[in-house]
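Below is one structure, written out as structure tokens, with a few remarks after it.
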Amino acid sequence: MSLVDLTGASCPLPVSETEKVTLGHGSGGQLSAELLRDVLLPALGAAAGQGGGVPEDAALLDIEGTAVVMSTDSFVVSPLFFPGGDIGSLSIHGTVNDLAMMGATPLALAIAYVIEEGFELADLRRVTASVGAAASAVGVPVVTGDTKVVGRGAADGIFVTTTGIGRRLPGANVSAAFARPGDVIVVSGPVGSHGTAILSARESLGFDTEITSDSRPLHRLVAAMVAQAGPGIHAMRDPTRGGVASALNEIAAVSGIGIEIDERAVPVPVPVAAACELLGLDPLHVANEGCLVAVTEPAAADALLTVMRSLPEGRHATRLGEVVADHPGRVVMRTLLGGTRIIDMLIGEQLPRIC
């Protein structure tokens, strides 16, 4: 056998598999973060988060001395109707909650439809009635909107985009960048219900116990929290796509701190836990649409939990963990077996089109 001289040879770079948009880019995990960082934000400039800006659930604007919060979100959930909600109510709750995560009370909403040719008018009426009912329940008017119709196959029934504006509550001062070592992590309620409910309905899995989406507005809960703790609440996130894991990793990365949580404290409903085990899903990566994660100073934590538990949206609120100076940018979980494991952001797409 003769030897080949490989002096000066180099290994070719691996071919990138991300030169086209994949479903994983919409997961709320690592690929979503890369898409924002490498493609979208550089093109949009400082107003979209460049120049030291912090990515948040909504934008904080100073308009003639008034702290105004603005957010927009698109909804492509499949199926359109699912246990516990539908694309109409979900679009209202999602945008209201994004405003609330910046400590804002909602003032007005705008809505836009992209409708596929052939979509049943009965379903359109049903979706719109749900939008109206959800907005009325929140107490916020839909003040403007738009409708477009595209050819068959160019959309999947109907896609909905909502935009909301709100006014920041007095005393609120929250940002993903404000978490500090010693802070306490709290979660307002059970996790994993929405994503599991969507998957069950989509695939007709027929679990023994029906799993219902937790879709609901959280602005009243946030108002009570801010009234109780004010600037003692340092950060809030609604753990939608990517779940609690992505929400905590975003806070850890932006604040430059570490987070430690206790597996025993993670509130996963028994039916959700069973479904996730059967399907090989991690409940911490499963989307939610009716709970929040908050970071609060330790002195305010007990009173804050008491106030949260006094309201329906927060009756199962619990302490999840704490902020630490160690392992900055990382989330670590103390397991039931006494060990630890790193909780990373979702890689790829676990459950596409869950919101």
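Residues Ala197 and Thr212 come closest through the heavy atom pair CB-C, 3.9 Å. Minimum heavy-atom separation, Pro312 to Arg216: O-NH1, 3.8 Å. Considering all non-hydrogen atoms of both residues, Met333 and Asp262 come closest at CG-C, 4.3 Å. In this structure, Ala245 and His285 approach most closely via the heavy-atom pair CB-CD2, 3.3 Å. The heavy-atom pair separating Leu90 from Cys355 by the smallest distance is CD2-CA, 3.9 Å. Closest of all the heavy-atom pairs between Cys291 and Pro239 is O-CD, 3.2 Å.
Applying the side chain to side chain contact (heavy atoms under 4.5 Å, CB included) test between Arg330 and each of Asp344, Ile343, Ile259 identifies Asp344 as the sole match. No option in Leu311, Leu292, Leu99, Asp98 other than Leu292 meets the side chain to side chain contact (heavy atoms under 4.5 Å, CB included) test with Leu218.
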Legend entry - His219/Asn97 under side chain to side chain contact (heavy atoms under 4.5 Å, CB included): CA gap, chis, key distance, verdict: CA-CA 6 Å; His219 63 300; Asn97 291 347; 5.6 Å; no

Inset, instruction - Would you please test Asn288 and His194 for side-chain hydrogen bond (donor to acceptor under 3.5 Å, both in side chains) and show each step? - result: CA-CA 5 Å; Asn288 311 272; His194 177 72; over 6 Å; no

Inset, instruction - Just do the side chain to side chain contact (heavy atoms under 4.5 Å, CB included) check on Leu109 and Thr163 with the steps written out, would you? - result: CA-CA 6 Å; Leu109 297 167; Thr163 299; over 6 Å; no

Inset, instruction - Take Arg237 and Glu56, measure what salt bridge (charged side-chain N to carboxylate O under 4.0 Å, His left out) needs, and give me the verdict at the end. - result: CA-CA 8 Å; Arg237 274 287 197 269; Glu56 305 280 9; 3.1 Å; yes

Inset, instruction - Run the numbers on Asp282 and Arg341 for salt bridge (charged side-chain N to carboxylate O under 4.0 Å, His left out), then give the verdict. - result: CA-CA 13 Å; Asp282 185 341; Arg341 72 178 177 96; 3.3 Å; yes

Inset, instruction - Could you go through the salt bridge (charged side-chain N to carboxylate O under 4.0 Å, His left out) check for Glu322 and Arg180 one step at a time? - result: CA-CA 9 Å; Glu322 59 277 334; Arg180 308 166 189 166; over 6 Å; no

Inset, instruction - Please step through salt bridge (charged side-chain N to carboxylate O under 4.0 Å, His left out) for the pair Arg152 and Glu116, ending with a clear verdict. - result: CA-CA 6 Å; Arg152 293 178 187 270; Glu116 182 186 14; over 6 Å; no

Inset, instruction - Decide yes or no on side chain to side chain contact (heavy atoms under 4.5 Å, CB included) for Ile211 and Ser200, but give the supporting numbers first. - result: CA-CA 8 Å; Ile211 299 173; Ser200 176; 5.5 Å; no

Inset, instruction - Check step by step if side-chain hydrogen bond (donor to acceptor under 3.5 Å, both in side chains) holds for Ser74 and Thr161. - result: CA-CA 4 Å; Ser74 294; Thr161 297; 2.9 Å; yes

Legend entry - Audit row: Thr318, Val186, side chain to side chain contact (heavy atoms under 4.5 Å, CB included) steps and yes/no: CA-CA 6 Å; Thr318 188; Val186 300; over 6 Å; no

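For the atom pair CE of Met102 and CG of Asn173, the computed distance is 9.0 Å after rounding to the nearest 0.5 Å. Between the NZ atom of Lys148 and the CG atom of Asp146 there is a distance of 3.5 Å, given to the nearest 0.5 Å. Of the inter-residue distances, the one linking Ile198 atom CD1 with Ser193 atom OG reads 11.5 Å to the nearest 0.5 angstrom. The CG atom of Asp238 sits 12.5 Å away from the NE2 atom of His93 when rounded to the nearest 0.5 Å. Separation of atoms CZ (Arg126) and CD1 (Ile87) is listed at 12.5 Å; rounding is to 0.5 Å. In this structure, Leu337 CG and Glu263 CD are separated by 7.5 Å, a value rounded to the nearest 0.5 Å.
With Thr72 contributing its side chain and Thr162 its backbone, the two residues share a donor-acceptor pair below 3.5 Å. Checking side-chain atoms of Thr335 against main-chain N and O of Gly339 turns up a donor-acceptor pair under 3.5 Å. A donor-acceptor contact shorter than 3.5 Å links the side chain of Arg353 to the backbone of Val76. Using a distance-only test at 3.5 Å, with no hydrogens or angles considered, a donor-acceptor pair links the side chain of Ser71 to the main chain of Asp57. Under a 3.5 Å cut-off, the side chain of Ser91 and the backbone N or O of Phe75 do not form any donor-acceptor pair. Listed for the Arg202 side chain is a donor-acceptor partner under 3.5 Å among the backbone atoms of Ser78. Counting only distance, with no hydrogens or angles, the side chain of Thr306 and the backbone of Asp302 share a donor-acceptor pair below 3.5 Å. One N or O on the side chain of Ser255 and one on the backbone of Ala176 form a donor-acceptor pair closer than 3.5 Å. Distance alone, capped at 3.5 Å, places no donor-acceptor pair between the Thr128 side chain and the Arg125 backbone.
Classification of Arg241 and Asp73 as a salt-bridged pair fails, no side-chain N sitting under 4.0 Å from a carboxylate O.
In Glu277, the CD atom is not crowded: 12 or fewer heavy atoms of neighbouring residues, nucleotides or ligands sit closer than 6.0 Å.
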